[in-house]
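The structure appears below as structure tokens.
Numbers for residues simply follow the sequence, beginning at 1.
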Amino acid sequence: MPPKLETETKRLNMVAPGSWVKKIDEWRRQQPDLPNISEAIRRLVDLGLEASKKLSKPGR
């Protein structure tokens, strides 16, 4: 079961190419806890946001 979300949540509906969804599905199947697709997308977005913070630090 995915971790509990924050109290304020918003539903997002999106359209994505099948090849993109397949990549996410392949990634989530490599995770030890096999997150559902929504949790996998949340994790991947968090990873991307953290990586972009590191890239945008001054002096890099």
Report task. Can you sort out the partners of Glu50 under side-chain hydrogen bond (donor to acceptor under 3.5 Å, both in side chains), two or more places apart, ordered by chain and number? Result ->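 Result, side-chain hydrogen bond (donor to acceptor under 3.5 Å, both in side chains) vs Glu50: Lys53.
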Report task. Identify, with sequence neighbours excluded, every residue that meets side-chain hydrogen bond (donor to acceptor under 3.5 Å, both in side chains) alongside Asp46. Result ->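 side-chain hydrogen bond (donor to acceptor under 3.5 Å, both in side chains) check on Asp46 returns nothing, list empty.
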Grouping I, L, V, M, F, W and Y whenever their side-chain heavy atoms are under 4.5 Å apart, do [X] and [Y] come out in a common cluster?
| X | Y | value |
| --- | --- | --- |
| Leu44 | Val15 | no |
| Ile37 | Trp20 | yes |
| Leu49 | Ile24 | yes |
| Val21 | Leu34 | no |

Query raised in the report: For the side chain of Arg28 and the backbone of Pro35, is there at least one donor-acceptor N/O pair under 3.5 Å apart?
Result: yes
Query - Ion pair Glu39/Arg42, N-O distance below 4.0 Å - result: yes
**Report entry** Residue pair Trp27 / Ile41, side-chain heavy-atom distance below 4.5 Å
**Finding:**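 No, too far: nothing below the 4.5 Å cut-off.
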Query raised in the report: Which pairs count as salt bridge (Lys or Arg N to Asp or Glu O under 4.0 Å) when at least one residue sits in residues 10-24, sequence neighbours excluded?
Result: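 Qualifying pairs, neighbours excluded: none.
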